[in-house]
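Worksheet for the structure shown next.
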Amino acid sequence: MGDKRGVLIVLSGPSGAGKSTVIAGMMKRRGDVRFSVSATTRPARPGETDGKDYFFLTREAFDELVARDAFLEHAEYVGNCYGTPAQPVEESLAAGWNVLLDIEVQGAAQVMAKRPDAVSVFLCPPSLAELERRLRGRGTDPEEKILGRLARARREYPLAKNYTYIVVNDDADKAAAELDAIITAELCRSEKRLAFIEKGDRSI
Ligand code: ADP
Ligand code: 5GP
């Protein structure tokens, strides 16, 4: 039997590596991926929209969802809580959408343990010096958050080996093309394609 369920893609990488940029580039290239909107207790950055980039919640509202077991995974990252609402992910996968989670390494480990079929991708910048330039260039975080994110990036680098794929975001278009290619390859796995063989022309 072929599997019509979509592919669950977990993308991690240091803050400032270019995940949002590369995801946007990949989404422009293909129309079969849904971005999983996370809940967070961090304040919205200028230009971010509630319900599109994140669901911006109070700590109380976040904790209530944790208590109700509403998250596929959740974790703390540089002083704020982040979590993936489980139900929309399940519904989209069942409807045949590929679903992309942009989540940090602790949450990614929870998803990999629960869902061994998930495809994991670690996005890294070409260097830590370039990461620092991008975090400062983005101009959205106060100094202590930038230092926290850089320290965290150094600690997270060795975890890249736990991921199925590593994409280096030197050129954003090339990185988006690589992420696109990874999704295409996963959809070409034989277990997802066997239905075509079974339904194929048996008279040949
Ligand atoms: P993340 O989502 O991983 O935190 P962003 O997508 O917000 O990262 O990117 C961080 C900053 O780096 C942004 O200002 C973005 O425009 C810039 N950026 C992303 N990719 C590249 C790249 N390949 N080359 C140069 N700058 C980039
Ligand atoms: P930012 O505050 O820069 O948007 O995100 C900080 C970090 O939180 C990033 O590494 C991002 O991947 C991660 N993140 C975003 N949403 C979630 C989530 O739902 N769960 C987990 N575990 N991490 C998340």
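In this chain, numbering begins with 1 at the start of the sequence shown. A quick note: this is a predicted structure, and the numbers were derived from the prediction, not measured. Indexing begins at 1, ligand by ligand and atom by atom, following the structure's order.
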**Distance (rounded to the nearest 0.5 Å) between Met26 CE and Asn98 CG** = 9.0 Å
**Request:** For Ala172, take its heavy atoms, then give the atoms of ligand 1 lying under 4.0 Å from any of them.
**Result:** 23 (N)
**Asked** How far is atom 20 (N) of ligand 2 from its nearest protein heavy atom, and which residue and atom is that?
**Response** Glu73 OE2, 2.7 Å
**Asked** Looking only at heavy atoms, which two atoms of Phe56 and Arg42 are closest? And how far apart?
**Response** CD2-O, 3.1 Å
**Message:** Tell me the contacting part of Pro14 for ligand 1: side chain, backbone, both, or neither, using a 4.0 Å heavy-atom threshold, strictly below.
**Reply:** backbone
**Asked** Any idea which atoms of ligand 1 are less than 4.0 Å away from a heavy-atom of Ser15?
**Response** 4 (O)
**Asked** Looking at atom 19 (O) of ligand 2, what's its closest protein heavy atom, distance included?
**Response** Ser38 OG, 2.7 Å
**Prompt:** Are any of the N/O atoms in Arg42 less than 3.5 Å from those in ligand 2?
**Reply:** yes
**Message:** Check contact between Gln110 and ligand 2, using heavy atoms of the residue and a distance below 4.0 angstrom.
**Reply:** no
**Prompt:** Mind checking whether His74 has an N or O less than 3.5 Å away from an N or O of ligand 2?
**Reply:** no
**Asked** If you measure from each heavy atom of Phe71 to ligand 2, is any distance below 4.0 Å?
**Response** no
**Polar contact flag for Ser20 and ligand 1 (N/O pairs, less than 3.5 Å)** = yes
**Item:** Minimum-distance pair of heavy atoms, taken over all atoms of Met112 and Asn162
**Value:** SD-O, 3.8 Å
**Message:** Taking distance alone, with N or O pairs closer than 3.5 Å, would you say Gly83 contacts ligand 2?
**Reply:** yes
**Item:** Geometric N/O contact Asp102 with ligand 1, under 3.5 angstrom
**Value:** no
**Request:** Look at ligand 1 and say whether Gly137 reaches it with a heavy atom at a distance under 4.0 Å.
**Result:** no
**Item:** Carboxylate-amine/guanidinium proximity below 4.0 Å for Arg152 and Glu104
**Value:** yes
**Asked** Do NZ/NE/NH1/NH2 and the carboxylate oxygens of Arg115 and Glu90 come within less than 4.0 Å?
**Response** yes
**Asked** Side chains of Arg138 and Thr140: is there a donor and an acceptor less than 3.5 Å apart?
**Response** yes
**Item:** Subset of ligand 1 atoms that lie under 4.0 Å from at least one heavy atom of Lys19
**Value:** 1 (P), 2 (O), 3 (O), 4 (O), 6 (O), 8 (O)
**Request:** Check ligand 1 against Asp170 and write out every atom of the ligand that is under 4.0 Å from a heavy-atom position of the residue.
**Result:** 22 (C), 23 (N), 24 (N)
**Request:** For Ala17 and ligand 1, answer yes if some heavy atom of the residue is under 4.0 Å from a ligand atom, otherwise no.
**Result:** yes
**Asked** How does Glu48 reach ligand 2, by side chain, by backbone, by both or by neither, if only non-hydrogen atoms under 4.0 Å count?
**Response** neither
